[in-house]
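A, B, ... follow the sequence lines: proteins, then strands. Residue 1 opens every chain. Keep in mind the model is a prediction, meaning the values are calculated, not measured. These numbers come from the heavy atoms of this one structure, side chains and all, not from hydrogens, waters or symmetry mates.
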Amino acid sequence: MKQYGLYILVCYGLAFLLLIINLVVSLVKHFRILKDLRKMQVSADSL
Amino acid sequence: VNSLLRLGSPKYCYPFLGYCLPVCSLLCVSLLLYGVVGGLFLAPPDYQQGDAFRMIYIHVPAAFLSLMIYSIIFFNSVIYSIWHIKLADTVAKSSALVGATYTVIALCSGALWGKPMWGTWWIWDARLSSELILLFLYIGYMGLDSAIRDRQKSAKLCAILAIVGMVDIPIIHFSVEWWATLHQGPTLARLAKPAIAPEMLYPLLAMIGGFGFFYVALLCVRVRTEILKQYSANRYFGKSV
């Protein structure tokens, strides 16, 4: 494993980093919209 | 059939995706855990490539998913073009970023694998070049979507691009058979014959499954986000939100 350790580490690290970034971006976008909608609902109810 | 058709409506689709999400997430995490542990520690080293072959557990699943997701975008684009089902367009557009990510992973892991095995990071080989074209197709698709404000027009043009771009998928798949390439022959097609030891095969299948469920889980989140965006004013969502 030592001979190709760096290649393997970069390969797995990069793959999972990209997937995690994708997941975080999608979740942040989702919860931001949910938050906005809840705010809209509260303001509509208060009217 | 009726229940399936109902899923085309955001009213039924939104809660259904909510049920699918935890199941897919759990399957994804378990399969990826087994795949990574099995691929890195349990599988024996390859007799020719040694430990460098362990990059197969990232490269092959990512490449497989990049083709699979583009095919899903193509089918959804065909459905949208024929029946104008908005959800099909939403699924296609929500898939593009994940597909592009898998294509980048396939290209980068291929380069990292190529350097110690072929002695070069990149070569203008038929398989590598056609996979790079796939990345450009994904980027073009996302760019076209974000460049056009009118949703109907954007859906129509993106569907045309996805349908035309589908020609690249069989080229990628058969490139290693049609032309003399540095890239090895099809890996997954060979799985039909026991050409690979079970200790190497099972983690590979687990990684493909894990990457697949990751895509489905992310698709659930992204489609739900798009539905919320598009139909927030719709009366159906009074309870769901």
Chain A contact via B/Leu112 - which portion, at a heavy-atom distance below 4.5 Å: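 Interface part for B/Leu112: both.
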Side chain / backbone / both / neither for B/Arg222 at chain A, heavy atoms under 4.5 Å: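 It is the side chain, since no backbone atom gets that close.
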Closest contact, heavy atoms only, [X] versus [Y]:
X: B/Arg54; Y: A/Tyr12; result: O-OH, 2.8 Å
X: A/His30; Y: B/Leu228; result: CE1-CD1, 3.8 Å
X: A/Tyr4; Y: B/Met117; result: OH-CE, 3.7 Å
X: B/Val221; Y: A/Ser26; result: CG1-O, 3.9 Å

Atom pair OG/CG of B/Ser25 and A/Leu23 - distance to nearest 0.5 Å: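 The distance works out to 8.0 Å.
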Contact class of A/Ile33 relative to chain B, heavy atoms under 4.5 angstrom: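 It is the side chain, since no backbone atom gets that close.
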Proximal component of A/Leu19, with respect to chain B [non-hydrogen, under 4.5 Å]: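 Both parts, heavy atoms under 4.5 Å.
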Answer yes or no: are there more than 12 heavy-atom neighbours, outside [X] itself, under 6.0 Å from its atom [atom1]?
X: B/Met142; atom1: CE; result: yes
X: A/Arg32; atom1: CZ; result: no
X: B/Tyr34; atom1: OH; result: yes

Below 4.5 Å, heavy atoms only, C-beta onward: do [X] and [Y] meet side chain to side chain?
X: A/Lys29; Y: B/Lys229; result: yes
X: A/Leu14; Y: B/Ile105; result: no
X: A/Leu34; Y: B/Thr225; result: no

Contact winner vs chain A - B/Thr101, B/Val36, B/Leu32, B/Val104, heavy-atom pairs under 4.5 Å: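 Between B/Thr101, B/Val36, B/Leu32, B/Val104, the count favours B/Thr101.
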Max heavy-atom pair count under 4.5 Å with chain B, selected residue of A/Phe31, A/Phe16, A/Tyr7: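 The answer is A/Tyr7.
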When A/Asn22, A/Asp36, A/Leu27, A/Leu18 are compared by non-hydrogen pairs under 4.5 Å with chain B, the top option: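 Heavy-atom pair counts peak at A/Asn22.
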